[in-house]
Trainee: 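Take a look at this one; I'll ask things after.
By convention in this document, chain letters (A, B, ...) are assigned in the order of the sequence lines, proteins followed by strands, and residues within each chain are numbered from 1. All heavy atoms count here, side chains included; hydrogens, waters and symmetry mates do not. Every value quoted in this text rests on a predicted model; they were computed, and no experiment measured them.
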2 protein chains.
Amino acid sequence: MADAKDTAWIESFPALKDLPETERRLLVERGSVIDIPAGTTVFAPGVAAENFLLVIDGTVRVQQVSAGGREIVLYRVSGGETCIMTTSCLMAEEAYTAEGITETDVRAVAIPKTVFEELLVLSPGFRRIVFSAYANRISDVMHVVEDVAFERLDKRLAQRLLDRAGSDDIVRATQQELAAELGTAREVASRLLKEFERRGWVALTRGQVALRDRDALHRAATAE
Amino acid sequence: MADAKDTAWIESFPALKDLPETERRLLVERGSVIDIPAGTTVFAPGVAAENFLLVIDGTVRVQQVSAGGREIVLYRVSGGETCIMTTSCLMAEEAYTAEGITETDVRAVAIPKTVFEELLVLSPGFRRIVFSAYANRISDVMHVVEDVAFERLDKRLAQRLLDRAGSDDIVRATQQELAAELGTAREVASRLLKEFERRGWVALTRGQVALRDRDALHRAATAE
DNA sequence: ACACCGTCTGTGACTAAGTCACATTCAATG
DNA sequence: CATTGAATGTGACTTAGTCACAGACGGTGT
């Protein structure tokens, strides 16, 4: 009876829907669709996950947390993507210090470890999906290194505002949250935002930033 | 005739030498031992590699290079480890901006892509090795993010000096190279090193740093 | 031996970013 | 409408990065 719903999700994964019928059936029959409320910790240091997660809808934020309580966002996993950290926590020798938190309500498919192994064996397509997920995450994190080590903060902030703004040109986030995106201190983000406001690029209100001049922000984000 | 030598290398990989005989034979018969001189670029942005590399001896430095010419070391691959970047360059959708360079003469085993695929299919042990290599590299790079974003430079420099010093307490590297390790500017590294010297922790000569007080450096590296 | 030259190192002056210690403002709630 | 906790603003200071140089060292060829 739940069959109609169970087969539907696979269509949201471009990479999966082209798999041969046997492999699709394995996924559909043995994977279970789960709903996770916003703000849930999906994985964290010291907590081993037993499932391979495919995110159908919503986003999971993966971030690094420092001893001093500062945070930095490493990447986000959203609809149609796979969350490799849940599985790879098992395999890493060193302990991760990163954590994954649902930013919105998330609907996901949990593939048990055994089925994950089976698919790796019998499906070249599935292998490709898993490896390219890994490769892309490494690439994401390397990009964060590049950003933090070499780019100016005003540039990074402007870019982040553009990335996070919806079509209404509004970023719904506190300055604390924006600072955590970039791995900087709240005061620093605050001062930069004030400067952006002084220049007429944004308008600040409690808990949100309204973009007023996307062009100017874009120029700032891509300067030299 | 080359058999004696061919079977020898597998013993330097703790993870591989416990594989079943069939899988070991595949590796030994189809992999080819290659020698790479120091300073060779093993992989770079835009260059796809066709082999899976197992490093027998020597080290490969993987680093990020910025547009402005600044560098930062992400991790090193040394004897008994696998270089996943060579294979995963193929799989990532985004282009990498990292490059791998041999720091010493390197002896490695190149596993052709087809054999790599075969082994992934038939060997759970080999899969575990590959995935744990990926997981550990992600972990390494995340650690770099943490370091760059949250740790003080003097602390990081002290740690790096201790890491890189041989048993003779000497780090053979120019200040430029040390700066590149940490992703900072040469002048900054230079000033910090001078300060370390003033405190009697190190002695500076052209192209090398001699450690004079490991304890003090260790305290600096682990302070709060 | 010595002059040459490229690399490596040192420094001052300035800008950018992070820290610390607060003051202030806002919006939800009783 | 008064209280309260979260969010924001700011000054003063330290640490890190940039820019523009000036020296200093060590290998090379004559």
Side-chain angles (χ1 to χ4, degrees), chain A residues 39 64 66-72 144-161 170-199 202-210 220-221 223-224, chain B residues 39 64 66-72 144-161 170-199 202-210 220-221 223-224:
Chain A
Q64 182 80 264
S66 82
R70 288 249 305 271
E71 298 175 2
I72 184 167
V144 174
V145 171
E146 191 177 17
D147 240 37
V148 173
F150 306 131
E151 299 298 344
R152 291 183 46 118
L153 201 52
D154 49 1
K155 199 175 155 179
R156 294 171 58 213
L157 177 58
Q159 186 60 61
R160 211 44 89 105
L161 289 172
I170 288 181
V171 178
R172 260 164 276 273
T174 63
Q175 299 182 358
Q176 174 64 265
E177 286 163 351
L178 286 170
E181 290 268 334
L182 305 170
T184 187
R186 198 215 83 232
E187 301 92 310
V188 177
S190 180
R191 271 190 268 260
L192 280 175
L193 285 167
K194 266 279 137 188
E195 177 60 21
F196 285 6
E197 186 176 50
R198 201 192 57 72
R199 295 184 192 171
V202 301
L204 302 176
T205 49
R206 183 168 257 237
Q208 71 170 41
V209 181
E224 59 265 46
Chain B
Q64 182 80 265
S66 83
R70 287 249 306 269
E71 299 176 0
I72 183 168
V144 174
V145 171
E146 191 177 15
D147 238 37
V148 174
F150 306 132
E151 299 297 348
R152 291 182 48 114
L153 200 54
D154 49 0
K155 200 177 153 177
R156 294 171 57 214
L157 176 58
Q159 185 61 60
R160 209 48 84 109
L161 289 172
I170 288 183
V171 178
R172 260 164 276 272
T174 64
Q175 299 183 0
Q176 175 65 265
E177 286 164 352
L178 286 170
E181 290 268 333
L182 305 170
T184 188
R186 196 217 86 230
E187 300 91 310
V188 177
S190 179
R191 270 190 269 261
L192 281 176
L193 285 167
K194 266 276 139 189
E195 176 59 22
F196 285 7
E197 185 176 51
R198 202 193 55 74
R199 293 184 192 170
V202 301
L204 302 176
T205 49
R206 181 170 256 237
Q208 72 171 41
V209 182
E224 59 264 46

Trainee: Just jot down the side chain to side chain donor-acceptor pair (under 3.5 Å) partners of A:Arg206, sequence neighbours excluded, or say none.
Mentor: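 Checked A:Arg206 against side chain to side chain donor-acceptor pair (under 3.5 Å); zero matches.
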Trainee: Can you pull every protein N or O that's under 3.5 Å from an N or O on nucleotides 23-25 of chain C?
Mentor:
{"unit_1": "C:dT25", "atom_1": "O2", "unit_2": "A:Arg206", "atom_2": "NH2", "d": "3.2"}

Trainee: Identify the two heavy atoms, one from B:Leu193 and one from B:Val202, that lie closest to each other, and give their separation to 0.1 Å.
Mentor: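 Shortest heavy-atom contact: O-CG2, 4.0 Å.
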Trainee: Closest approach of A:Leu157 and A:Ala189, non-hydrogen atoms and distance?
Mentor: CD2-O, 4.3 Å
Trainee: How long is the straight-line distance from CG of B:Leu182 back to CD of B:Gln159, given to the nearest 0.5 Å?
Mentor: 10.5 Å
Trainee: Looking only at non-hydrogen atoms, find the nearest pair between B:Phe150 and A:Arg70 and report the distance.
Mentor: CE2-CB, 3.5 Å
Trainee: Check this for me, if you would: do A:Arg191 and A:Glu187 make a salt bridge, where the nitrogen-to-carboxylate-oxygen distance has to be below 4.0 angstrom?
Mentor: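 No.
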Trainee: Check nucleotides 28-30 of chain C for protein N or O atoms closer than 3.5 Å to its own N or O atoms and list the pairs.
Mentor:
none

Trainee: Which residue pairs pass the side-chain hydrogen bond (donor to acceptor under 3.5 Å, both in side chains) test when at least one of the two sits in residues 173-183 of chain B, sequence neighbours left out?
Mentor: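 The answer is B:Arg76-B:Glu181, B:Arg160-B:Glu181, B:Arg164-B:Glu181, B:Gln175-B:Ser190.
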Trainee: Using the rule given for side-chain contact (heavy atoms from CB on, under 4.5 Å), can you reason through A:Arg199 versus A:Glu195, listing the C-alpha separation, both sets of side-chain angles and the distance that settles it, and then say yes or no?
Mentor: CA-CA 6 Å; A:Arg199 295 184 192 171; A:Glu195 177 60 21; 2.9 Å; yes
Trainee: Rounded to whole Å, how long is the line connecting atom CD of B:Gln208 with atom P of C:dC8?
Mentor: 14 Å
Trainee: Taking heavy atoms of chain A and a 4.0 Å limit, find me the 5'-most and 3'-most nucleotide of DNA chain D within that range.
Mentor: D:dG5 to D:dA12
Trainee: Quick one: closest heavy-atom pair of B:Ala173 and B:Leu178, and the distance?
Mentor: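 In this case the closest contact between B:Ala173 and B:Leu178 is CB-CG, 4.2 Å.
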Trainee: Between residues 180-192 of chain B and DNA chain C, which residues have a heavy-atom gap below 4.0 Å?
Mentor: B:Arg186, B:Glu187, B:Ser190, B:Arg191
Trainee: Return the angle between end axes of the helix from C:dA1-D:dT30 to C:dG30-D:dC1, with five pairs used per end and rounding to 10°.
Mentor: 20°
Trainee: Applying side chain to side chain donor-acceptor pair (under 3.5 Å), name anything that partners A:Arg152, two or more places apart in sequence or on another chain.
Mentor: A:Asp154
Trainee: Looking at residues at least two apart in the chain, or sitting in another chain, which of them share a side chain to side chain donor-acceptor pair (under 3.5 Å) with B:Arg172?
Mentor: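 B:Arg172 satisfies side chain to side chain donor-acceptor pair (under 3.5 Å) with B:Asp168 once adjacent residues are dropped.
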Trainee: With sequence neighbours left out, write down each residue that passes side chain to side chain donor-acceptor pair (under 3.5 Å) with A:Glu197, or none if nothing qualifies.
Mentor: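 Applying side chain to side chain donor-acceptor pair (under 3.5 Å) to A:Glu197 gives A:Lys194.
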Trainee: The test is side-chain contact (heavy atoms from CB on, under 4.5 Å); show your working for B:Val209 and B:Phe196 and say whether it passes.
Mentor: CA-CA 10 Å; B:Val209 182; B:Phe196 285 7; over 6 Å; no
Trainee: My understanding is that only residues two or more places apart in sequence, or in another chain, count here; which of them pass salt bridge (Lys or Arg N to Asp or Glu O under 4.0 Å) with A:Arg156?
Mentor: A:Asp147
Trainee: Taking all non-hydrogen atoms of both residues into account, name the closest pair between A:Thr184 and A:Leu153 and its distance.
Mentor: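 Taking A:Thr184 first and A:Leu153 second, the nearest heavy atoms are OG1-CD2, 3.6 Å.
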Trainee: Heavy-atom contacts under 4.0 Å between residues 147-159 of chain A and DNA chain D, which residues?
Mentor: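 Of all residues in residues 147-159 of chain A, none places a heavy atom under 4.0 Å from DNA chain D.
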Trainee: Rounded to whole Å, how long is the line connecting atom CZ of B:Arg172 with atom C1' of C:dC8?
Mentor: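 It works out to 17 Å between those atoms.
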